[in-house]
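What follows is a short report on a single structure.
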Amino acid sequence: GFRRNEVKTVYMAPVSTPSDWMHDRLWKTYVNDKISVLDNVSVYAGVMAEGNRFTGTALSPRTSLVYMAKKDHAFRATYARAHRTPSFYEDRVYYLYDYTIDFGTGDVTSYIEQGNSQLEKETVDAYELGYKGSFLEHKADVNIEAYHNEITHLITLYNAGIHYKGVSPLGVGRYYEKIYIYNNSNKAMVNGVEVSIEYSPVKWLKLFSNYTWQSIDDKKEIYKAYAPAHKYHGGTRVTLDRGFSANVLFSYIDRIVDKQTEPIESISGDVPIQAYYKLDVRLAQSFFDGALEVAFIGLNLLESKHYEF
């Protein structure tokens with residue numbers, strides 16, 4: 001495949017005038033194959049080659065070993081590597097997002113977010129173990145996955161220091177620029193487990209449940225607490241004759257603490273987002289063989305207001 005991206009923004013004006021377009025050409029190609037080792041053991045292998053202007057060419061291999069214990073029960077072990085190319089923003093941005101004035105001295109300090117054209121691509125090495133099975137004559141499906149991801153060259157903003165630039169624009173005092181620049185100095189490990197169950201006792205009714213546990217540990221402790229450790233979703237779907245359907249979804253999202261990944265000087269300290277529950281309901285009736293649908297939707301029926309991740 002081939003794609004051409006173009007972007008124009010005033011946030012990159014010091015590097016290119018606002019009327020200039022920046023562009024990137026991306027290409028990808030992929031091959032894969034299946035090898036049957038035994039009647040119930042198969043190996044799936046593939047590799048993707050991709051290239052772009054920012055970081056050049058990269059290879060992303062993927063391989064899976066699948067063991068069919070029985071007809072409806074499969075175990076899987078997978079290794080895969082993936083890359084994330086720096087964005088135009090991370091590569092070329094130059095954005096003055098805040099400033100402070102000391103009225104006693106006349107000093108002015110500008111806070112600038114700056115891109116880095118020397119960024120490397122982020123690399124993710126993913127290891128997964130999985131199980132998928134069907135029970136009760138295919139009325140119940142169970143899927144369990146455990147994963148470990150290692151992310152290197154993780155792109156993060158860092159404080160490049162404060163620099164004296166001359167006389168303050170006020171005519172009294174000094175003018176400083178505090179620079180935050182993107183670099184590849186961070187790395188992270190992500191561990192998690194996901195369990196999902198679907199059960200359909202009759203044709204018109206489906207019950208589902210999903211639980212995820214995830215832990216993020218990064219070198220600079222920026223993303224460490226930025227993802228909920230526990231997430232749960234469960235609900236039901238009802239589909240009746242004559243076009244009536246009902247969906248109910250209940251969710252629980254664990255507490256997180258925003259470690260202020262963006263260097264906003266006007267906000268200091270961590271920002272907690274408390275755990276919250278959600279109940280969403282959708283009732284619908286379709287007409288004319290599905291050509292027209294009228295729906296009633298209720299969102300966040302348990303609480304009137306809360307912050308969400």
Side-chain angles (χ1 to χ4, degrees), residues 1-7 26 28-32 34 42 44 46 48 50 62 64 66 68 70-76 78 80 82 84 126 128 130-147 192-214 227-228 230-254 273 275-309:
F2 176 81
R3 186 176 78 230
R4 175 186 171 91
N5 293 335
E6 293 186 339
V7 63
L26 302 92
K28 293 182 179 180
T29 185
Y30 182 81
V31 295
N32 70 306
K34 173 187 175 181
S42 299
Y44 297 82
M48 180 174 67
E50 56 184 325
R62 178 183 178 88
S64 294
V66 179
M68 297 293 297
K70 292 182 179 180
K71 180 180 178 181
D72 298 322
H73 300 274
F75 295 87
R76 172 180 58 84
T78 299
R84 187 184 79 85
E128 297 180 7
Y131 163 77
K132 188 173 184 179
S134 293
F135 301 86
L136 304 176
E137 298 179 346
H138 298 283
K139 292 182 179 180
D141 294 324
V142 176
N143 188 67
I144 303 173
E145 294 184 350
Y147 56 88
V193 175
E194 183 170 340
V195 180
S196 60
I197 301 173
E198 288 192 357
Y199 177 52
S200 183
V202 291
K203 182 180 179 181
W204 53 267
L205 176 63
K206 177 174 286 188
L207 307 173
F208 59 91
S209 181
N210 175 276
Y211 168 76
T212 301
W213 170 81
Q214 182 174 262
H230 305 279
K231 292 187 290 185
Y232 172 78
H233 303 281
T236 182
R237 300 186 187 99
V238 175
T239 306
L240 301 179
D241 294 337
R242 299 182 180 180
F244 176 79
S245 63
N247 294 271
V248 178
L249 176 64
F250 172 80
S251 301
Y252 167 77
I253 308 297
D254 199 12
I273 298 178
Y276 61 90
Y277 302 86
K278 285 186 64 178
L279 179 65
D280 301 334
V281 176
R282 184 180 190 273
L283 305 176
Q285 177 67 53
S286 62
F287 303 91
F288 309 115
D289 294 326
L292 174 67
E293 183 180 69
V294 178
F296 169 80
I297 301 173
L299 301 176
N300 192 31
L301 299 179
L302 295 179
E303 295 184 82
S304 59
K305 181 180 179 180
H306 61 260
Y307 293 102
E308 293 189 9
F309 169 77

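Only a predicted model underlies this, so the values are computations on that prediction, with no experimental measurement involved.
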Counting neighbours of CZ on R76 that are heavy atoms of other residues, nucleotides or ligands and sit closer than 6.0 Å, is the number greater than 12? yes
Looking only at heavy atoms, the pair that brings S64 and T78 closest together is OG-OG1, 2.8 Å
Side chains of Y232 and S209: do they bring a donor and an acceptor to under 3.5 Å? yes
Side-chain donor-acceptor pair under 3.5 Å between N32 and Y30, yes or no? no
Evaluate the side-chain proximity of M68 to H73: yes if any heavy-atom separation is below 4.5 Å, no if none is. no
Okay, side chain of T236, backbone of K206: is any donor-acceptor separation there less than 3.5 Å? yes
Between D280 (side chain only) and N300 (backbone N and O only), is there a donor and an acceptor less than 3.5 Å apart? yes
Quickly, which of H230, K231, E194 forms a side chain to side chain contact (heavy atoms under 4.5 Å, CB included) with Y211? Name it, please. H230
Using modelled atom types and a 3.5 Å cut-off, is there a donor and acceptor pairing between side-chain atoms of S286 and backbone atoms of G243? yes
Angle class for the F75/Y131 ring planes (parallel below 30°, perpendicular above 60°, tilted otherwise)? tilted
Intermediate values then yes/no, side-chain contact (heavy atoms from CB on, under 4.5 Å), L302 and F250: CA-CA 10 Å; L302 295 179; F250 172 80; 3.9 Å; yes
More than 12 non-hydrogen atoms from neighbouring residues, nucleotides or ligands closer than 6.0 Å to OH on Y277, yes or no? no
